[in-house]
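Here the structure is laid out as C-alpha cells; the discussion comes afterwards.
Start at 1 with the first residue, then count along the sequence.
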Amino acid sequence: MRCDEWQGLYAVIMEGMLYKWTNYLSGWQPRWFVLAGGILSYYDSQEDTWKGCKGCIKMAVCEIQVHSGDSTRVELIIPGEQHFYLKAENVAERQRWLVALGSSKACLTDSRTRKEKEINENTECLKQKVSELRLFCDLLLHQVNNLKESTQSDQPGSTNFEIDMATVLRSTCNTFMKTLEECMQIANVSFRPELLQPTPPDSPHVAIIKPNRIKQRSSSYNYRERNELKICQNGLMIKENKIKSWKRSQLESDDQHQQNPRRGSIENAEVMMDNSELTNVTAKDSGVNIELQPSAAEDETGKGTEEPGDPNPDAEKEEIQTFFSVMDQRFNDIEFEEDSGIPTLPFLESCYAIVPVLDKLGPTVFAPVKLDFVGNIKKINQKYITDTTKFTTLQKIVLHELETEVATVRNSATEALLWLKRGLKFLRGFLEEVNNGEKDIQKALNTSYGRTLRQYHGWVVRGVFALALRAAPFYEAFMAALAINEGDEMKEAFHEKMQSDLNQYLPAMGKQIEILDALYEEYNLESDEVV
C-alpha cells in the first residue's frame, strides 16, 4: 500500500452527532461518532474525545441496514457479536452517514480482495518457480555425475564430450540462478515492508540466541584448514609455522602470569602441557629438534612459594581477548621482504584466518561468498606449491605468469589474487564501518559492498548478495560471536580491546591491498569484467 493510500485510509472520513439506543431505561442518547480507518467509534461528546472512545465497530465485517419504518434510523450489525441502533436528526443527515459508511466498507473490502488476489497469484507463481528449481537441481546433479564419469574414463574423444557437457552445465547453472532471482523478486513483492507488522518504537529487543564461542587456548587456530596451505610437491604437510605460533602463545602466557602471579599451579600445568604437546607435534613433523627452556614465570611457580603482601588490583584484572587478538596469523604480523614483497604463505594464512568472520555473519547465507573467497586462496596456494623457493612473494607469482603469458587466463593465480584482494577490500570496508561506530550490520555490509564488489557483479550475483545482506545479524549478536569468553561483549573493556585490535589490524591489511593495487595497475591487470 502506498503512503498516500495509507494516509487516505486512516484519515477521518466523517464525524458528527448521532443518537444511539442505549437501553429501555435511558432510551436514545446523543453520542459523538467518528469514522476513520474503517472503524466507527463513538464518545459521550465532542469535548470528551480525549478520554477515549466508549465503543467501536469495524466496517469491513459489519452489515448496514436501514429501518423500514423510520427514515432517520440505521443499524450496524456484526451477526452474533455487535448491534448498533443509530438515529440521525433528519433524513439528509442519515443519507450522508450512509454514503460515508458504505464508501468506507467498499474501500476496505476492495483493498482486502485485491491483496488476497495478489498474494494468491504470487503464491502460485512462487510454487511454480520452486518446482522449476527442483527440476534444475536434478539436472545439475545428473550433468555433474556425467561429467565426473567422463573425466574418470580414458576413452578417445572424451575431451570434446567433456567440453560439451561443461557448456550444458554452465547453461543449466545460469538458468538456475535466473530462476532463483525470479523467486526472490516474487518474495520481495509478496512480503513488502508495508505488509509486515512493524515493531513499535521503544519496544524491548527479542532475546538474541548467541552462537557457540571459541574456547580460548594457547593456540586457537584450526590447524587442519591452515595445513592445507603446507602441501608440498611430495604431498607431505609441513607444520613449521607452529613453532612461531607456539613462541607467541608462550610469551602471551608469560605476560598473563606476570599480570596475575596468584594463579594456581593447575593453570600453569595446563599451559605447559599444551606447549609440550605442540612442540612434540612440531618437532616430529618438521624434523626440527626443540628443547623447551622453562620461563622465569614457570620457575617461580615451580618453587611453590608466594611472598606475602598486599594484593595488586591491576594484577588480578583479567585481560579481555577478542577474535582478532587470538588469531593465529594476522596481517599486522607479516614482515615485508625486499621491495615491499608480500610473503606468499603468511599472506594466505592471514586470509584463511579472516574467513571465520563470514561464518559469524551467517554460515548459511554467506556460504557462497566464503566458498569463492577460500577457492581463490587455494588457487594461489596451488601455484605456490609448484615451486615454493621461487614463488616466495605474491609479486613473483604475478610476474612469472606475466612472463609465461598466463596471467589473464581463466583460473590463473593472478586472476584469483585479483578477486581475493577485492574480497579483502569488502571485509576491510565492513570492519572499518563497524569500528567507526556503525551499529547497523546490514547497513555496514551494504555500504562496503557498494564501494567494492558491486560494480563487478551482475544481477544474479547481486541478488545472492542482497539475500545474504538481509540475513545479517544484529550488532549485539555479531559482537557476541567475536567474543572469546561468554559475556565479554557486555563489558566496556571488550569494545575498547576490539577497537584497539582493529586499529592495528585494518591499516596493515590496507597497506598490503594498496601494494597489490599498485602492482595490478602497473601491469594493467585490473579487469572490469562482470560476473
Original post:
Can you find a pair of side-chain heavy atoms, one from Asn435 and one from Phe430, that are under 4.5 Å apart?
Top reply: no
Original post:
Side chains of Glu401 and Thr414: donor-acceptor distance under 3.5 Å anywhere?
Top reply: yes
Original post:
Distance under 6.0 Å and angle within 45° of the ring axis: does Lys421 meet both against Tyr520?
Top reply: yes
**OP:** Go through the steps for Leu358 and Lys360 under the test side-chain contact (heavy atoms from CB on, under 4.5 Å), then give the verdict.
**Re:** CA-CA 5 Å; Leu358 296 173; Lys360 299 178 189 303; over 6 Å; no
Original post:
Which atom pair, heavy atoms only, marks the closest approach of Phe494 to Glu489?
Top reply: CD2-CA, 3.6 Å
Original post:
Quick one: does Ser448's side chain have a donor or acceptor within less than 3.5 Å of a partner on Phe426's backbone?
Top reply: yes
Subject >> Full working for side-chain contact (heavy atoms from CB on, under 4.5 Å) between Lys491 and Ile320 >> reply: CA-CA 9 Å; Lys491 303 175 182 178; Ile320 294 179; 3.6 Å; yes
Original post:
So is Arg330 actually on top of Phe324's ring, under 6.0 Å and inside 45° of the axis?
Top reply: no
Original post:
In terms of ring plane angle, is the pair His457 and Trp419 parallel, tilted or perpendicular, where the classes change at 30° and 60°?
Top reply: parallel
Subject >> Note: Glu433-Lys439 ion pair, threshold 4.0 Å (strictly below) >> reply: no
Subject >> Other residues, nucleotides, ligands: >12 heavy atoms within 6.0 Å of Glu335 CD >> reply: no
Original post:
Which atoms form the tightest heavy-atom contact between Pro343 and Gly341, and what is the distance?
Top reply: CD-O, 3.4 Å
**OP:** Could you tell me whether the side chains of Thr447 and Lys443 share a donor-acceptor contact shorter than 3.5 Å?
**Re:** no
Original post:
Does NZ or CZ of Lys396 come closer than 6.0 Å to the centre of the six-membered ring of Phe391, within 45° of the ring's axis?
Top reply: no
Original post:
Between Asp488 and Lys497, does at least one N-O distance fall below 4.0 Å, as a salt bridge requires?
Top reply: no
Original post:
Strictly by modelled atom types, are Thr389 and Asp387 linked by a side-chain donor-acceptor pair under 3.5 Å?
Top reply: yes
